[in-house]
2 protein chains.
Amino acid sequence: MGSRQTSTVHGLRRENRARALWDLYLHGPGSRQRIGAGAGVSPGTVSNVVGDLMEQGLVQESGSVPSGGGRPSSIVQIDPGYAFVLGVDVGESSVLVELFDLAMQVRGRHRIPTELARLAPAEVVEQIVAGVAAVLAQSGVATDDVLGVGVGVPGLVEHSPLAVVHAQTVGWDAVPLEALLHERTALPLAVDNGAKLLGQAEHWFGAARGAADVVVVLLGHGLGTSIFTRGSGARAPMSSPGEWGHTAVVVDGQPCRCGARGCLEAYVGAGAVAARYDVLRGGPAEGSEDLETRVTELLARTDSDPASATVLAEVVRYLGAGIGNLVNVYSPSRVVLGGWLGRQVAALRMTELAGAAARNALRTPFADVELLRADLGADAVALGAATLPVGRFLSSGGQRDAVLGSRPV
Amino acid sequence: MGSRQTSTVHGLRRENRARALWDLYLHGPGSRQRIGAGAGVSPGTVSNVVGDLMEQGLVQESGSVPSGGGRPSSIVQIDPGYAFVLGVDVGESSVLVELFDLAMQVRGRHRIPTELARLAPAEVVEQIVAGVAAVLAQSGVATDDVLGVGVGVPGLVEHSPLAVVHAQTVGWDAVPLEALLHERTALPLAVDNGAKLLGQAEHWFGAARGAADVVVVLLGHGLGTSIFTRGSGARAPMSSPGEWGHTAVVVDGQPCRCGARGCLEAYVGAGAVAARYDVLRGGPAEGSEDLETRVTELLARTDSDPASATVLAEVVRYLGAGIGNLVNVYSPSRVVLGGWLGRQVAALRMTELAGAAARNALRTPFADVELLRADLGADAVALGAATLPVGRFLSSGGQRDAVLGSRPV
DNA sequence: CCACTTCTTTCAAGGCGTGAACTAAGTACA
DNA sequence: TGTACTTAGTTCACGCCTTGAAAGAAGTGG
């Protein structure tokens, strides 16, 4: 039960409040006229709705702009300090917690180094809870002013309806993360795949912004993707993640840490890069720095180190094939490459990568594709996670009590 | 402009009409009470809405059923003869036109053998138009009673906003099919990818019915797929097609007719099957029957012909890998295999196919997957195509004039 | 024949968006 | 300085919508 309940005349008002709020959130401060045009409602209704929102304190007047020989537009905006949201990035080597206001400005940050694959889920939950407490204390924001906590995790997230996480690569098998968190905090929760959330962040605020159909690829230790179809810059278009890193690009090829063979991740993931480099150099690596540092340093010397250049070329070849596949399947107008490793590859070999993708894609869908490097940096996943409670809040028309449960935006 | 315009109180009524109609269409005749429960509206409103629809003639009373010691439910249904729809399947070896009533019963059928790859698009348009005219004449249905024509084609369909078809494999390069058809008929049109429409048909009426997340694979001359996510049996859940057949499963592998290398279609498509068989037999084939007949006969003798069995085993291996990829990406609860070739493979080697898929998929998403053979037969694509105008009609709340333009359901 | 159950209809009440008229607040120009 | 014009926002009567409660309809069981 529970389709979109716009069947009642009450829900209609909520819908129009939501439309106004989404407009202000995504396009920034603006005139009532713009809101009316975007939502397709009459000026009278906009006045009425915006009046409501201002009375509630969610929206505030913020100046005015002249408008070519007529009454100037008075500009309204969402009060950035009306409420706050938390975003958590559960990464393979650290847990990052960030606090944002409604303008998505960072109000607090706390990073806990960790090694996900060696930790019990309960320990991770404690780290998250501790991080949340630390950030709130440090920023002086009251719990009551927090709309909710978004959490990005690796692996597959199943909503049934509480989020259960399957991340074979870090040894998480059906971890009921949302239930565990519920026991330790009263804040509304929203859990989803990290790659999907990175995509959401890039789509709302980064390199994927404004494109109708976009594919965002996250390349780091693992490999993930998220897809947005036929939703301009507009509200919650539709995304779809999945374990794309574990699709076969070479049937019966290299063994992958997931147990199967020929997965894309087994060719382009950070682990694969390091391992391949060791093979080319004829021996295991020296120091015991963490993987991210090793791979970053390795890629920094492609000019002088032939083995490094070879490894990078192979990554480009396979990643290009993978991107070509995505283009064939989704025919996006833009592909954005993010993640700490992806951004490095993009910086070094964007042209070659586009060429490799072109060889593997059909002419037609590939013709209009732009291949871009992600805009957002290391905290893109946390930002994306924070968009989850924000999205619920806006879609509910700005009612804080409506922000419960765990269905995705 | 033009988001979902439920902003007005008028649109609200249309929405509720649409809800009632979808309920009756997908779940069959039923009581007003069921409609109310499904749509989440009060009994009074249901009476009101259904009364409207009956006055219009779209809905009619059809008996009643007892209900445990109370007033019996009176049953209402959509009048199957209120209007009709046409579905066209533009296949690689024939153009099939079918006429359906609103209960999706076939009222007329016309098949034109053809060879798509050797025909100019304008000739195909003529065949479609001729087929439509023939079916209407033969069944005695007036043009005014036809809601529209759905057309399924191979390749990528771009809506911009009129449908343009890119089917590299049959030599269609940016064919403005919808515009061409518009010049030759006044009927409302809807063009989309054939594999997507086959999926739609299986999802509404066939083996994919009732599943929340389903992947439907079409294997014939080419290879396509369609995906339905998080929409139970309910309305227009969301599908997504694309040239899945031309994703690389072996980077730099077999050359494919699309020009790239290692495409899945180059291993499991009908052409690949025939070619591989010829290689194993050490020479080209004898007769010059069409591909479908040759491959069908070839697969009929896997018991006695080792070369045939080998070919089939290879198809299973690669198709299994492809299906494993789909499972990893979409984590469906069900995978349905259709298309003339797909149904044969499913009938012969379902168990082996599931095994091959399992080897290539992650444990978690694969655990609960059912792999099924498609229910619907040779006219599944035409049926799926016919759902397009039906879907528009229902979503508009049963207003015939609203059935124009070409955006997908 | 009466009590009870279940489904459907009727209707007053309250809420909502529209469209038109109106007010507000500027610019252009004489 | 003032008049005409332009654009933005507000007010309000009107019609439409859904709800919720109450009434009606059509059965069953005793």
Side-chain angles (χ1 to χ4, degrees), chain A residues 3-20 23-24 29-55 59-77 397-399, chain B residues 1-20 23-24 29-55 59-77 397-399:
Chain A
S3 44
R4 199 187 333 114
Q5 61 231 65
T6 320
S7 52
T8 157
V9 78
H10 233 97
L12 212 161
R13 182 46 160 270
R14 190 175 49 241
E15 187 101 337
N16 282 336
R17 285 168 59 105
R19 275 198 248 269
D23 183 285
L24 290 175
S31 68
R32 291 171 174 76
Q33 199 189 220
R34 190 192 75 190
I35 296 171
V41 294
S42 69
T45 299
V46 178
S47 264
N48 195 333
V49 167
V50 171
D52 270 11
L53 293 170
M54 288 179 66
E55 205 167 321
V59 161
Q60 60 192 191
E61 209 99 19
S62 73
S64 65
V65 298
S67 64
R71 172 177 176 174
S73 292
S74 88
I75 301 299
V76 295
Q77 66 175 22
Q399 282 156 328
Chain B
M1 316 121 219
S3 44
R4 197 186 336 114
Q5 62 231 64
T6 320
S7 51
T8 157
V9 79
H10 232 99
L12 212 162
R13 181 46 157 271
R14 189 176 51 240
E15 187 100 338
N16 282 336
R17 285 169 58 106
R19 274 198 250 269
D23 184 284
L24 290 175
S31 68
R32 290 169 174 78
Q33 198 189 222
R34 189 193 75 189
I35 297 172
V41 295
S42 71
T45 300
V46 178
S47 263
N48 194 335
V49 168
V50 171
D52 270 12
L53 293 170
M54 288 179 66
E55 204 167 322
V59 161
Q60 61 193 188
E61 208 100 18
S62 72
S64 64
V65 298
S67 64
R71 173 176 175 174
S73 293
S74 88
I75 302 298
V76 295
Q77 66 175 23
Q399 282 157 327

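Naming: A, B, ... by sequence-line order, numbering from 1 per chain. Treat the numbers as computed from the prediction; the structure is a model and nothing was measured. Both backbone and side-chain heavy atoms feed into the values below; hydrogens, waters and symmetry mates do not.
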**Message:** Does C:dG17 have its OP1 or OP2 closer than 4.0 Å to a side-chain nitrogen or oxygen of A:Asn16?
**Reply:** yes
**Item:** Presence of B:Arg13 side-chain N/O under 4.0 Å of D:dT18 phosphate oxygens OP1/OP2
**Value:** yes
**Asked** Looking across every strand, which nucleic acid part, if any, lies under 4.0 Å from A:Ser67 by heavy atom: base, sugar-phosphate, or nothing?
**Response** sugar-phosphate
**Asked** Checking all strands, does B:Ser74 fall into the base, sugar-phosphate, or nothing category for heavy-atom contacts under 4.0 angstrom?
**Response** sugar-phosphate
Interatomic distance, [X] [atom1] vs [N] [atom2] [rounded to whole Å]:
X: A:Arg32; N: C:dA24; atom1: CZ; atom2: C1'; answer: 13 Å
X: A:Asn48; N: C:dC16; atom1: CG; atom2: C1'; answer: 9 Å
X: B:Arg34; N: C:dT8; atom1: CZ; atom2: P; answer: 11 Å
X: A:Glu61; N: D:dG9; atom1: CD; atom2: P; answer: 9 Å
X: B:Arg14; N: D:dC16; atom1: CZ; atom2: P; answer: 16 Å
X: A:Arg17; N: C:dG17; atom1: CZ; atom2: C1'; answer: 16 Å
X: B:Leu12; N: C:dC16; atom1: CG; atom2: P; answer: 12 Å
X: A:His10; N: C:dA13; atom1: NE2; atom2: C1'; answer: 14 Å

**Message:** Strictly distance-based, threshold 3.5 Å: is any side-chain N or O of B:Arg32 a donor or acceptor partner for the main-chain N or O of B:Val76?
**Reply:**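 Side chain of B:Arg32 to backbone of B:Val76: no pair is present.
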**Message:** Quick one: does any side-chain atom of B:Ser67 pair with a main-chain N or O of B:Arg71 as donor and acceptor, under 3.5 Å?
**Reply:** yes
**Item:** Candidate pair B:Arg19 and B:Val49, rule side-chain contact (heavy atoms from CB on, under 4.5 Å), full reasoning
**Value:** CA-CA 10 Å; B:Arg19 274 198 250 269; B:Val49 168; over 6 Å; no
**Message:** The test is side-chain contact (heavy atoms from CB on, under 4.5 Å); show your working for B:Asn48 and B:Asn16 and say whether it passes.
**Reply:** CA-CA 10 Å; B:Asn48 194 335; B:Asn16 282 336; over 6 Å; no
**Message:** Within the 3.5 Å criterion, strictly below it, is a donor on A:Ser74 or A:Glu61 matched to an acceptor on the partner's side chain?
**Reply:**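 Judged by distance alone, the side chains do pair up.
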**Request:** For residues A:Arg34 and A:Pro29, report the shortest heavy-atom separation together with the two atoms involved.
**Result:** NH1-O, 3.2 Å
**Request:** State, to 0.1 Å, how close B:Gly38 and B:Asp23 come at their nearest heavy-atom pair, and which atoms those are.
**Result:**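 Nearest pair, atom of B:Gly38 first, then B:Asp23: CA-OD2, 4.4 Å.
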**Request:** Report, as a single string ordered 5' to 3', how protein heavy atoms within less than 4.0 Å touch nucleotides 19-30 of chain D: B base, S sugar-phosphate only, - not at all.
**Result:** B----BBBBS--
